[in-house]
Amino acid sequence: ERMRSRPRFVHDSGSRPRPAPAMKLRVVAFGQRMPAWVDAGWDDYARRMPREFALELVLLKPEPRARGKSVAQLLAAEALRLAAACKDTRIVALDERGEPWTTRLLAANLVRWRDEARDVAFVIGSADGLADSVKRAASAIVALSALTLPHGLVRVVVAEQLYRAVSLLAHHPYHRD
């Protein structure tokens, strides 16, 4: 079932109301082919998202690990790919050592970013994580869990949490405290 939300309107002084600006929610991840359940989970939540919160997945090729490069060199090369994929977006780095967010905090941040007309990129690192430069450039470093999670599962959890946060904003019964 696709979530329907009431359109929000923004008022300019002395003008008619206009629809609130749409924002893109981009999940940027390194990865190869994932199991079918990952694609199915992602597709399910992406399809449920309302138009004003468009969800897209950007897949980047990880740096080859068998070339004798140090982890720092690998992460630096991947950071360049991430920077290109996240151009003109607010970056939220996902890292197990980040700050734990509640769904309500995520929802509040989505409203703020939407009102600031800022698209957001949620960045999932490669097998070796994220370069320090990516974390420094991020507006926030968020932990989905203190556990180390498989990258495919992280994609699905991020998509579900974004859907949950948006459903909370729309007063949809999907989210319950």
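Model, not experiment: these values are computed from the prediction.
- Ile91 and Leu75 sit in two unconnected hydrophobic clusters of ILVMFWY residues. Membership requires side-chain heavy atoms under 4.5 Å apart, directly or through other members.
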Output, in order, the C-alpha distance, side-chain angles, deciding distance and verdict of side chain to side chain contact (heavy atoms under 4.5 Å, CB included) for Phe122 and Arg26.
-> CA-CA 6 Å; Phe122 293 85; Arg26 184 178 300 169; over 6 Å; no
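- Scored by the side chain to side chain contact (heavy atoms under 4.5 Å, CB included) test, Ala108 finds no partners at all (sequence neighbours excluded).
- With sequence neighbours excluded, the residues forming a side chain to side chain contact (heavy atoms under 4.5 Å, CB included) with Ser70 are Ala72, Gln73, listed by chain and number.
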Run the numbers on Leu25 and Tyr163 for side chain to side chain contact (heavy atoms under 4.5 Å, CB included), then give the verdict.
-> CA-CA 11 Å; Leu25 300 172; Tyr163 173 73; over 6 Å; no
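- At a threshold of 4.5 Å between side-chain heavy atoms, the hydrophobic network of Ile, Leu, Val, Met, Phe, Trp and Tyr places Leu149 and Leu59 in one connected group.
- The stretch residues 28-37 participates, sequence neighbours left out, in no salt bridge (charged side-chain N to carboxylate O under 4.0 Å, His left out) pair at all.
- Within the 4.5 Å cutoff, the side chain of Leu130 has no heavy atoms near those of the Ile141 side chain.
- For Arg155 (side chain) and Val38 (main-chain N/O), no donor-acceptor pair under 3.5 Å exists by modelled atom type.
- Proximity of a side-chain donor or acceptor of Arg104 to a complementary backbone N or O of Leu168 within less than 3.5 Å is not detected.
- At a threshold of 4.0 Å, the pair Asp44-Arg48 counts as salt-bridged, since one of the basic side-chain nitrogens sits closer than that to a carboxylate oxygen.
- The side chain to side chain contact (heavy atoms under 4.5 Å, CB included) check on Ala159 picks up Trp42, Tyr45, Leu55, with sequence neighbours excluded.
- Taking all atoms of both residues into account, the shortest heavy-atom contact from Ala143 to Gly98 is CB-O, 3.4 Å.
- Judged purely by atom type and a 3.5 angstrom limit, Glu78 uses its side chain to pair as donor or acceptor with the backbone of Glu63.
- Leu144 and Val134 are members of different hydrophobic clusters when ILVMFWY side chains are connected at heavy-atom separations under 4.5 Å.
- Trp101 and Ala140 make their closest contact through CZ2-CB, 3.6 Å (heavy atoms, listed as atom of the first residue, atom of the second, distance).
- The cluster map of Ile, Leu, Val, Met, Phe, Trp and Tyr, joined by side-chain heavy atoms under 4.5 Å apart, puts Val27 and Val123 in different clusters.
- Both Leu57 and Met23 belong to a single network of hydrophobic side chains, linked directly or stepwise wherever heavy atoms of I, L, V, M, F, W or Y lie under 4.5 Å apart.
- For Gln161, the side chain to side chain contact (heavy atoms under 4.5 Å, CB included) partners two or more places apart in sequence, or in a different chain, are Thr103, Leu106, Val157, Arg164.
- Applying the salt bridge (charged side-chain N to carboxylate O under 4.0 Å, His left out) rule to pairs touching residues 121-136 yields Arg65-Asp128, Asp95-Lys135, sequence neighbours excluded.
- Between the side chain of Asn109 and the backbone N or O of Leu105, at least one donor-acceptor pair lies under 3.5 Å.
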